S.K.: 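Next up is a structure, given as structure tokens.
Since the model is a prediction, treat every value here as computed from it, not as a measurement. Below, chains carry the letters A, B, ... as their sequence lines are ordered, and counting in each starts from 1.
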Amino acid sequence: MSTAGFNSQNGTGTGQTYANGPSQNPVALQQLPGVSYSMTHQPIYNPMQAKAPSPPGPGPYPSAPYQPVPPVSSYQPGPPLTSYPSSLGQPLLPRPPLSGPPSHTPPQSASPSPGPRMPPAQATPPPPAVSSSSYYPNPQQPMAPAWQYNTAPPPMGPPTSISAPPRGPVANHVNPAASLAEPRPPSSAPYSTAPPPRVSQSVTQPPGPGMPPTSMLGYSQPGTAPPPMNPMVPNAYQPGRAAYGPPPTGPPPIMKPAPPPTGPPVASATPPPPKGDGAVAGNGPQASNSYNHVDNKMAGLAQPGPPGRHLGHYPSLPPGYQNTSAPHGTSSMHPAMQAATQPYTQAPQPYQQPPGGPGPAQLSPSLAAMSLQSSTPEALRVVNLLQERNLLPPTPVPAPTPCLPQDLQKINCNPEVFRCTLTSIPQTQSLLNKAKMPLGLLLHPFKDLSQLPVVTSSTIVRCRSCRTYINPFVSFLDQRRWKCNLCYRVNDVPEEFMYNPVSRSYGEPHKRPEVQNATIEFIAPSEYMLRPPQPAVYLFVLDVSHNAVETGYLNVFCQSLLDNINALPGDSRTKVGFITFDSTIHFYNLQEGLSQPQMLIVSDIEDIFLPTPDSLLVNLNECKELVQDLLKSLPTLFGKTMETQSALGSALQAAFKLLSPTGGRMSVFQTQLPNLGVGALQSREDPNQRASAKDIQHLSPATDFYKKLALDCSGQQVAVDLFLLSAQYCDLASLGCISRYSAGSVYYYPSYHHQHSPAQVERFQKDLKRYLTRKIGFEAVMRIRCTKGLSIHTFHGNFFVRSTDLLSLPNVNPDAGFAVQMSIEDNLDDMQVVSFQAALLYTSSKGERRIRVHTLCLPVVNSLSDIFSGADVQAMTGLLACMAVDRSVTASLSDARDAMTNAAIDSLTSYRQSVLTVQQPGLLAPACLRLFPLYILALLKQKAFRTGTSTRLDERVFAMCQLKYQPLLYAMLMIHPALYRIDDLTDEGALNINERTIPQPRVLQLSVEKLSREGAFLMDTGTVMYLWIGRNCHPNFLTQVLGVPNYAAVPENLHLLPELDTAESQRTRAFIGWLRDQRPFYPSLHVIRDESQLKANFMQNMIEDRTASALSYYEFLLHLQQQISK
Amino acid sequence: MAFTFAAFCYMLTLVLCAALIFFVIWQIIAFDELRTDFKNPIDQSNPTRALVVPEYSIHGLFCLMFMCAGEWVTLGLNIPLLFYHLWRFFHRPADGSEVMYDPVSVMNADILNYCQKESWCKLGFYLLSFFYYLYSMVYALVSF
């Protein structure tokens, strides 16, 4: 079709944008599903984050300012609270001035941290190496005792020193117990009755984060995974061992124990083949193949998607590869054929590390071969965006696969964990500048994994000069030496490393799990601790002003916490505490022995202090009944309050004081603008400006109080999570700083009300449950290393940057994503590949120090066309979104919008000028970038960046936070929602997970043109789903799924599908449930009709259409073309 | 041979200029330490920030004195830097109750590079002006 045709349809600019007429070819589309990809399968792989070399101990930060205890005189016992008559009289005064400080300092000084931050890894340990390491194939942290071959994991020391006074020489960091015990003893006498903290350090302690398996929404949770895994292990090993004997066929199987048994519900859906065996078969190139077993979904469709396909690889192989990697080529075309390719399993052998690991040395010939192929790769196929309309693949867009030899690719890190915007790294900065594409990494380092190899070893092998952890991409020069792939230093292989605990063989260092897994977790020995691992400490700071009580959130919160109190991750040392505040701060004394909780009110908010520092944070196990009492009475306690002011700043300071000796997590619930005491804010939003097409003001914080407090928190290993439930403006731009710099997370429930917004309440409940029970890592640091020549430019996410490559994360949670911009400082001239390694060092809720290491390996290329063919459009979009958020805060929103548009223009211009040999008219893009303009347009229309549409300032700021903080997978849904037609779901091509059949409707373009009055459409925007019912929707759907007789009977505020016993209902619910299971948070569902208020929200997501203030997709393309041809 | 007010100005600025040079050298070292990982941005930023205002005010004092002394040429040489300082001071981040060098953003490669470059440039400027003041002082002392 010609562009003219388009113009005539679009140009007239009726609201409906262009209906791209004749070209629609539904048939062609249906064939597309050939490419199987789906986000569900995360579980298989275990990406982890890795290391953080320097223990995040509080040491480096100035801890002093908060140490001093406030003068006694300033304390005022406060008006006895009427609600707790009996307890009030308690002697508050004895509060010992001394108690606080002494208890804090010791932990730091007491642990003489024998090691420098990182002791040389290779200190050639005593020979008994054979026995000293144990390898746990088992996925999550839990180390099943049964699998421990030899020495006990270092962190679990003998629990002897429990009652040792802080200064006691006994207090050694080896013993986590010490940390608990220390703070207590010195505390004030009256409370000395407190039972000594129980320390159950025995190795047999169940490692799982203690959540009941059932609770997890199907998301892969540590808790659920472990049990099934253990039994599995033996099985998983068997094949591995067998394989080891003969030449090096398949180390990989070891790494990935067969998925099926372990499977969290989602994972298990897919049949094992692609995974266990498939990986060996060397289907490297298809990311989706090796990581996701979704394949069966597509099994029926042999057609490789025609133009819509997005595989980023070379369809044809160099001659040298023809024999070995036939499956490689085909697999990219026909995922369904994977099973057939398995016979080739042994093929890759020739390329597999003859002497040692698959080192770069062996790669060169193969890489050279790959770059030689001159036939245009699929990713570079020229697409005229103005003419091809149906660019959106019918399934979620997969990550492109780096063009690496398959033996490397199949052990490469899972793209869901570690992804690069350019899967082929340019050789020089000037080449990168020419390509005009952003270079950066997107990480999801603490993602829940169903399978994670865990290694316990007394020495963790690392490069001597750059401290890189040994990884699959190092090369072994011979049996005793390995060459670092980041700095190229040659290191010795320690004696201990010569023994392979998996195969129980000696002399095969390259078969060790560390060298076979790109994602691995180490249990860190005591050198990785600056102080004894902290216990899990949770402090809840609750707004109880009149406004808060009105919303009714306290009920939900208390009930959720009561329900999940046993599922809080932690061990016997877990502590909890509560603070409530309005214009005063209320503390709760939960000291064991009291008959009921005792409320202590401090009204001196200018100079806040802790009334009884020792009994406000109590051991959860010992005082559970008091805690439960408190939770039951809290909602009624403030029922009649008329206090409307909110002294959030002081409450935060108090909470910080309470937590600073140990570190921990502070959960703040806030329902209004803080307007009293320190940190008070003014309303800055002018409602009349919400729809302004001009610049949006006030995106940056109004005060640096929250930022400074966050930095103090970060120094003391305290993270602050903010739950904002407010109908009014709360200045999230300022408040959000408290979470941003302390590595917390922000949740926002606009207009939360327990009666008026049931959908919000449900979401809040579900989110709380996930929040309370999800895994958590304390006192974490993450370091990202990259091959010499590359350097980190900027970080995005929630954290504090402590040095050029080190992030300080007081808490790390499985739902946090990070982005990193990179630059190329030195030419990568003679390198074939570069590697990136992210290492996350954290303390698990069980008090173990662990290091999660992810390593990503990517090829280096020197031609622009190779760079373009490796572009990962989703990662680029995610990174650009982060950069745009920064730009809107530091410069202005319009600047950021221009920058995004320019990013699209620049990269396409560069492609046109430098890569395209034949100039044609139209807007040309390589196939791998064909969605780029669409995503950019989607960003421009995203809540965070849109102009001209009424957007509340807080919602905008929240969207910005989300873009920076969400892992790419979820961020992409926020940017470009998925639209499905669900009134005609069929089982064709359906997934089968846990005996449930999940239909797989195709993803539709976001255009009103795709809607029809006869259908029902589901739009998935990540956190919210809209089910739009057409006016003439088939009655069958209405009765069988919605349970209403006709369209007019569809209720106005329906947010739950009735559980009807019909096939249609089951299919629909299965599909929606499956979408929900794929993400950790809970998307609420809104059923909307034409008259619904929410219809506007639904329509705003139709990003291909024109709105009053924004271009349609086609107009945007024309605009790009105009700019490019200038 | 006269001890004029101008000569006095030059003598005083000579001393103060030496102080400024030390300030800048201190900043250069601090940023370098940041870059090479020896220091934590919080530790680094606090003292660095503490020096910013003194540096700016000392330089402002120069300009004031030269104006009073009628040393227009010298004043002209200093005016650009004075305006730069004013611009820097008034364009600090909205939430910055303290001036510049925000510990949370200083690790951004662009900002760090900018700060380093700025420090080097200032070092050069102060060194040159030190000798210029020396020369001017002697000139002022002997010319009458």
Side-chain angles (χ1 to χ4, degrees), chain A residues 53-54 56 58-63 65 117 467 679 681 684 697-708 710-715 731 733-734 737 740-742 781 783 791-796 798-808 820-823 825 883 886-887 889-891, chain B residues 26-56 83-121:
Chain A
S54 64
Y61 294 94
S63 56
R117 320 164 96 196
R467 313 302 301 148
L681 298 170
R684 296 188 290 168
Q697 303 296 315
H698 308 308
L699 291 172
S700 54
T703 164
D704 64 351
F705 169 79
Y706 294 98
K707 182 174 79 184
K708 284 185 170 164
L711 292 183
D712 291 339
C713 285
S714 173
D731 202 349
S734 303
C737 289
R740 180 176 319 147
Y741 301 119
S742 67
V781 286
R783 196 182 287 269
S791 73
I792 292 173
H793 186 278
T794 309
F795 291 97
H796 301 278
N798 289 358
F799 46 70
F800 170 62
V801 190
R802 227 169 54 186
S803 80
T804 43
D805 57 352
L806 183 70
L807 301 181
S808 159
V820 184
Q821 275 171 258
M822 312 282 309
S823 57
E825 287 200 331
M883 294 161 66
D886 274 0
R887 180 71 73 90
V889 174
T890 56
Chain B
W26 199 92
Q27 282 183 11
I28 290 176
I29 295 174
F31 287 121
D32 197 58
E33 281 182 327
L34 256 194
R35 183 177 281 278
T36 49
D37 226 354
F38 286 125
K39 262 198 176 166
N40 168 332
I42 297 183
D43 300 338
Q44 189 268 349
S45 292
N46 289 333
T48 310
R49 277 185 296 196
L51 289 184
V52 170
V53 175
E55 184 199 328
Y56 289 8
F83 278 111
Y84 174 74
H85 280 168
L86 288 176
W87 175 83
R88 193 89 156 95
F89 187 82
F90 288 107
H91 281 77
R92 59 185 192 235
D95 65 332
S97 56
E98 302 171 54
V99 195
M100 275 117 353
Y101 310 131
D102 182 356
V104 303
S105 62
V106 76
M107 290 310 297
N108 179 305
D110 282 341
I111 296 180
L112 196 56
N113 284 338
Y114 180 82
C115 289
Q116 274 191 310
K117 249 181 234 158
E118 184 194 25
S119 306
W120 280 108
C121 291

S.K.: Relative to chain A, which segment of B:Asn113 carries a heavy atom at a distance below 4.5 Å: side chain, backbone, both, or neither?
M.R.: neither
S.K.: Quick one: list whatever passes side-chain hydrogen bond (donor to acceptor under 3.5 Å, both in side chains) with A:Gln821, sequence neighbours left out.
M.R.: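 Applying side-chain hydrogen bond (donor to acceptor under 3.5 Å, both in side chains) to A:Gln821 gives A:His796.
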S.K.: Measuring from A:Ser714:OG to B:Ile42:CD1, what's the distance to the nearest 0.5 Å?
M.R.: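 So the OG of A:Ser714 and the CD1 of B:Ile42 are separated by 6.0 Å.
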S.K.: With sequence neighbours left out, write down each residue that passes side-chain contact (heavy atoms from CB on, under 4.5 Å) with B:Leu51, or none if nothing qualifies.
M.R.: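 For B:Leu51 the side-chain contact (heavy atoms from CB on, under 4.5 Å) partners, ignoring immediate neighbours, are B:Phe23, B:Trp26.
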S.K.: Return the minimal non-hydrogen interatomic distance between A:Leu711 and B:Pro103, and the atom names on each side.
M.R.: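 Minimum heavy-atom separation between A:Leu711 and B:Pro103: CD1-CG, 3.6 Å.
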S.K.: What do the steps show when you test A:Thr794 against B:Met107 for side chain to side chain contact (heavy atoms under 4.5 Å, CB included), and what is the final call?
M.R.: CA-CA 8 Å; A:Thr794 309; B:Met107 290 310 297; over 6 Å; no
S.K.: Got a second to check how far B:Asn108's CG is from A:Thr890's OG1, nearest 0.5 Å?
M.R.: 9.0 Å
